[in-house]
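See structure below.
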Amino acid sequence: MNVGIYFETSKSTGGAHHQNISLIEIFNTYLKNNYDFTYIVPNQEQKKIVESKGSKCIIFKKGLRFRVEQFILKFNFFKALYKKFSIKNSFESFLQSRRFDLIFFNAPYETSTLVNETNFIIMLLSMQHRTHGFFPEYKGKHDNETRDHIIDHAVKNSFKIFVGSEKDKNLLIELFNAEQNKVKVQSYAFNLPSVYEKNKSFDFEKTYKNLDIPQNKNILIYPAQFWAHKNHQYIIDIALDLKKSNIKDIFFVFCGFDKGNLKIVKNKIQKYQLEEYIKIFNYLDDLELISLYLKCFGVIMPSFVGYTTIPMYEAFYFKKNIFYTKGLSDNKLQSFLTEIDINNINSFKDRYYETLKNKIENDQKLKDAKKFYDEYCDSKNTAENFKKVFDEY
């Protein structure tokens with residue numbers, strides 16, 4: 001079967017990009033003998049990324065006609081006009097000229113809305129723009145209306161839809177009237193475990209020392225881009241409280257690309273003189289991030305959005321504590337997390353000291369989380385989930 005995989009992410013897109021890189025490796029390892037995969041990318045930069053992984057790749061250039069069609073074909077009048085005169089848009093013509101049997105969109109790209117005659121599968125990630133649509137990141141270029149347009153088209157036209165959590169599946173069924181059997185839950189793919197397995201002889205200790213992070217403290221990392229919904233403010237408030245209480249055994253590390261909030265976060269750290277409690281890295285490569293995971297006490301994620309996240313599963317793999325927004329995750333994951341009330345800064349401190357006090361119980365929780373990862377989240381299981389859908393098609 002000839003499968004086209006649409007790939008349009010870059011490092012700056014964060015978790016979505018890391019997932020897509022992981023999927024390339026997973027498909028190459030487990031599925032390439034079953035299907036003929038060709039990646040479709042918009043430029044040379046992404047072509048180099050895909051080809052460096054040993055995969056076939058072709059470029060679809062987003063020319064003027066494509067950009068016009070992506071806009072006008074949102075409107076029923078132009079849709080009807082194209083249909084009446086049997087006009088194929090430039091993207092669909094491109095796909096059909098390559099005789100693809102099936103297209104896989106590995107993220108909710110707006111380009112998917114131009115596919116009408118070619119069958120496709122899509123990963124829609126989170127539905128929480130509907131529950132938290134007031135955040136500024138949902139009001140820009142890729143706004144709520146665009147997100148809904150992508151989802152509506154997928155619900156009506158796709159063969160299958162992948163989402164990251166049971167809660168997202170329930171929202172998709174409730175808000176968009178999706179057919180239950182059409183929606184498949186698949187945990188996000190992540191590349192750090194495979195990178196670590198291939199580089200265990202690497203000097204992670206030296207890499208960690210080069211990051212110049214304070215010694216003899218419990219390090220809590222927040223690997224997240226600087227979006228408003230990521231709620232770095234909660235951690236700043238914790239640090240301010242720790243400073244007032246003269247508690248100095250905890251240190252936070254932020255790392256991620258700026259999405260509009262980095263300057264605000266930096267200014268608040270400077271304003272409250274919290275450099276003794278927080279350090280920011282705009283971006284860390286895989287080996288640097290692994291060195292952090294290996295040395296840290298845990299991960300802290302006080303986000304408003306994200307029923308599941310890539311750092312959650314990475315914490316499971318590395319057997320690290322993860323302090324996560326209370327009530328946010330899928331129910332089946334909550335027993336592996338240390339939940340915190342993000343409306344109460346004392347909640348983190350209370351749960352942190354409980355974790356230190358109940359070491360035996362906490363260590364068992366980390367072992368259970370790793371067991372869950374091994375049974376449901378590793379690359380082989382991910383490949384098998386995709387293979388079932390491809391085979392069904």
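In this chain, residues are counted from 1 in sequence order. Hydrogens, waters and symmetry mates play no part in the numbers below; they use all other heavy atoms, side chains included.
- Using cut-offs of 30° and 60° for the angle between ring planes, the F104 and F27 rings count as tilted.
- Note on E92 versus K88: no salt bridge recorded, every NZ/NE/NH1/NH2 to OD/OE distance being 4.0 Å or above.
- Taking the six-membered ring where the residue is Trp, F348 and F323 present perpendicular rings, their angle passing 60° and hence far from 30°.
- There is a side-chain donor-acceptor pair under 3.5 Å between T338 and K365.
- At a cut-off of 3.5 Å, with distance as the only test, no side-chain donor of K167 or Q128 sits close to an acceptor on the other residue.
- Donor-acceptor pairing under 3.5 Å is recorded for the side chains of Q46 and N43.
- In summary, the side chains of N170 and E166 do not present any donor paired with an acceptor at a separation below 3.5 Å, with no hydrogens or angles considered.
- For Y324, the ring-ring contact (aromatic ring centres under 6.0 Å, His included) test picks out no residue, with sequence neighbours left out.
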Would you mind writing out the side-chain donor-acceptor pairs for residues 74-86 within the sub-3.5 Å range, not counting sequence neighbours?
| from | atom 1 | to | atom 2 | distance (Å) |
| --- | --- | --- | --- | --- |
| K74 | NZ | E110 | OE2 | 3.1 |
| Y82 | OH | E69 | OE2 | 2.9 |

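- Side-chain N/O atoms of N20 and N106 include a donor and acceptor closer than 3.5 Å.
- A donor-acceptor pair shorter than 3.5 Å can be found between the side chains of E117 and Q96.
- A 4.5 Å side-chain heavy-atom check between K271 and N267 finds every atom pair outside the cut-off.
- You'll find the side chain of K371 stays beyond 4.5 Å of the side chain of D374, heavy atoms only.
- Using a 4.0 Å cut-off between charged side-chain N and carboxylate O, K359 and D363 make a salt bridge.
- Side-chain atoms of S55 and N28 form a donor-acceptor pair, as typed in the model, at a separation below 3.5 Å.
- With respect to Y313, the ring pair (Phe, Tyr, Trp, His ring centres under 6.0 Å) criterion is satisfied by exactly one of Y373, F190, Y376: F190.
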Donor-acceptor list for residues 280-307 side chains, cut-off 3.5 Å, not counting sequence neighbours:
| from | atom 1 | to | atom 2 | distance (Å) |
| --- | --- | --- | --- | --- |
| D285 | OD1 | L287 | N | 3.1 |
| D285 | OD1 | E288 | N | 2.8 |
| D286 | OD2 | N191 | ND2 | 3.0 |
| E288 | OE1 | D285 | N | 3.0 |
| S291 | OG | E288 | O | 2.5 |
| Y293 | OH | E314 | OE1 | 2.7 |
| K295 | NZ | E205 | OE1 | 3.4 |
| K295 | NZ | E205 | OE2 | 3.4 |
| S303 | OG | H229 | O | 3.2 |
| S303 | OG | V305 | N | 3.0 |
| S303 | OG | V305 | O | 2.6 |

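- N119 and Y393 form a side-chain donor-acceptor contact under 3.5 Å, judged by distance and modelled atom types alone.
- Ring centroids of Y234 and H232 are separated by 6.0 Å or more, keeping the two rings apart.
- Atom CD of E197 sits in a crowded spot, with more than 12 heavy atoms from other residues, nucleotides or ligands closer than 6.0 Å.
- With hydrogens and angles left out, the side-chain atoms of N321 and N362 include a donor and acceptor closer than 3.5 Å.
- The local environment of CD in E375 is crowded, with over 12 non-hydrogen atoms from other residues, nucleotides or ligands closer than 6.0 Å.
- The side chain to side chain contact (heavy atoms under 4.5 Å, CB included) test applied to A228 returns F135, P136, E137, N261, not counting sequence neighbours.
- Annotation: side chain to side chain contact (heavy atoms under 4.5 Å, CB included) contacts of I58 (sequence neighbours excluded): T38, I40, F94, R98, F100.
- Salt-bridge annotation for D36 and K56: present, with a side-chain N of the basic residue lying under 4.0 Å from a carboxylate O of the acidic one.
- A side-chain hydrogen bond (donor to acceptor under 3.5 Å, both in side chains) check over residues 239-251, counting only residues at least two apart or in different chains, returns the pairs D241-K349, D249-Y352.
- In this structure, F372 has its ring center under 6.0 Å from that of F336.
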